[in-house]
Amino acid sequence: MEENKLDCILVPSGLFVFAVYHVWLLLTILRNPRRTVIGLNAESRHQWVHSMMTDPLKNGVLAVQTIRNNIMASTLLATTAITLSSLIGVFVSSTSSSDNTASELVYGNKTSILSSIKYFTILLCFLFAFLCNVQSIRYYAHCSFLVTLPTSKGKRDSLEYVARNLNRGSFFWSFGLRAFYLSFPLLLWIFGPIPMFVCSCTMSFILYFLDTTSSFTRELHNHSLKEERKHDDLESPIQPSEATQSENSHLQCPLLNSNNPVVT
């Protein structure tokens, strides 16, 4: 096989493997979410919002601190992505005017056009990661206000709205993280199509074990949800009304509750 044709075969093949894995992951999240870590975490966040908002005076500080930690994580990834994008842009602009020969380590197409395409795809990848993390910060900041609002378990609409926004922020954070994962094969593409293809296959294989859950994890999650529901039921028993209590006390001691004097 000619050296210049390796990029036309191995690079699309590596991207195809990476894309097929994520299509399978998306279908699994939609059909059987508890089989994936993303779906299981989304359900846990949903239950967490219900636990926090049932008593905002007690859990408000904990909820805001937890969301603030997520905002800090998204801010770190967004700062890293825009910094790397700026560095790549400066590097491409500084090397485009100079006539540098291709490195001896690169085995593949060494034309200047393909080199520009490589850097451009990496730049787009980091810009996509930056935009996703910015959207994640937006949803997290919105939830930090909503999660401290006083509500009750009967108001399911407000609880579902906050949980949905929190999960959206987490999903955008996952999209940004996937863009960082995709940047590894694209960065290795600079050194040739063979490292890029090997990295794409290896990355997909590793992500499969990181994204799927075991039966033990699913059973532990179900057990924790059941314990939480039992705890909520014990904390909110059905209290008798004041009228019923007064009637019971009247039946137990009619002489003490009567307005007429006692005849002896």
Side-chain angles (χ1 to χ4, degrees), residues 22 24-78 128-181 207-236:
H22 282 87
W24 171 85
L25 180 64
L26 179 61
L27 294 177
T28 307
I29 292 173
L30 296 176
R31 295 177 180 177
N32 190 8
R34 290 193 175 185
R35 190 181 176 185
T36 62
V37 176
I38 297 176
L40 206 62
N41 290 339
E43 188 176 350
S44 299
R45 284 188 298 269
H46 189 275
Q47 185 68 24
W48 179 81
V49 169
H50 283 240
S51 300
M52 293 295 106
M53 294 189 68
T54 51
D55 193 358
L57 297 178
K58 179 181 178 181
N59 303 322
V61 177
L62 176 61
V64 172
Q65 287 180 350
T66 303
I67 297 176
R68 184 188 62 183
N69 294 334
N70 293 329
I71 292 176
M72 293 176 62
S74 300
T75 304
L76 178 61
L77 291 180
F128 178 77
F130 172 75
L131 293 176
C132 289
N133 284 284
V134 168
Q135 290 297 319
S136 177
I137 294 171
R138 170 175 170 258
Y139 279 107
Y140 283 145
H142 187 50
C143 289
S144 64
F145 290 98
L146 297 177
V147 77
T148 55
L149 293 177
T151 184
S152 61
K153 292 184 179 180
K155 298 179 180 179
R156 302 287 300 180
D157 295 337
S158 60
L159 296 176
E160 294 293 334
Y161 177 74
V162 179
R164 184 166 60 250
N165 282 299
L166 184 63
N167 281 328
R168 285 178 180 176
S170 180
F171 291 153
F172 273 108
W173 186 82
S174 299
F175 289 152
L177 195 61
R178 298 289 157 168
F180 274 97
Y181 291 155
L207 288 177
Y208 173 78
F209 290 98
L210 295 178
D211 292 333
T212 55
T213 59
S214 60
S215 59
F216 174 77
T217 306
R218 291 190 291 269
E219 291 177 0
L220 183 63
H221 178 75
N222 293 333
H223 179 72
S224 62
L225 288 181
K226 291 179 182 178
E227 292 294 332
E228 182 67 24
R229 289 167 184 169
K230 290 181 181 179
H231 180 70
D232 293 340
D233 293 339
L234 291 176
E235 285 186 349
S236 58

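- Atom-to-atom distance recorded for I67:CD1 and I71:CD1 is 7.0 Å, nearest 0.5 angstrom.
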For residues 139-147, please give each side-chain donor-acceptor pair under 3.5 Å, one per line with the distance, not counting sequence neighbours.
residue	atom	partner	partner atom	Å
Y140	OH	S170	N	3.4
H142	NE2	Y161	OH	3.4
S144	OG	A141	O	2.6

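- Separating the OG1 atom in T213 from the CG atom in N41 is a distance of 9.5 Å, to the nearest 0.5 Å.
- A distance-only check finds a donor-acceptor pair linking the side chain of S136 to the backbone of G169 [under 3.5 Å].
- Looking at heavy atoms from C-beta onward, R168 lies in side-chain contact with N165 at the 4.5 angstrom threshold.
- At distances below 3.5 Å, at least one donor-acceptor pair connects side-chain atoms of T54 with backbone N or O atoms of S51.
- By the side chain to side chain contact (heavy atoms under 4.5 Å, CB included) test, L77 is found to be paired with N133, W173, L177, F180, residues two or more places apart in sequence or in another chain being considered.
- In this structure L207 satisfies the side chain to side chain contact (heavy atoms under 4.5 Å, CB included) test together with F18, Y21, H22, R178, Y181, M203, L210, D211, sequence neighbours excluded.
- Side-chain contact between F171 and I38 is present, with at least one heavy-atom pair separated by less than 4.5 Å.
- Considering CZ of F172 and CZ of R138, their distance stands at 8.0 Å, rounded to 0.5 Å.
- Neither side chain, R68 nor Q65, offers a donor N or O lying under 3.5 Å from an acceptor on the other.
- In this structure, CD in E160 is found 10.0 Å from CG in N167, a value given to the nearest 0.5 Å.
- When all heavy atoms are compared, the tightest approach of V49 to V162 is CG1-CG1, 3.8 Å.
- The CH2 atom of W48 sits 6.0 Å away from the CG atom of L166 when rounded to the nearest 0.5 Å.
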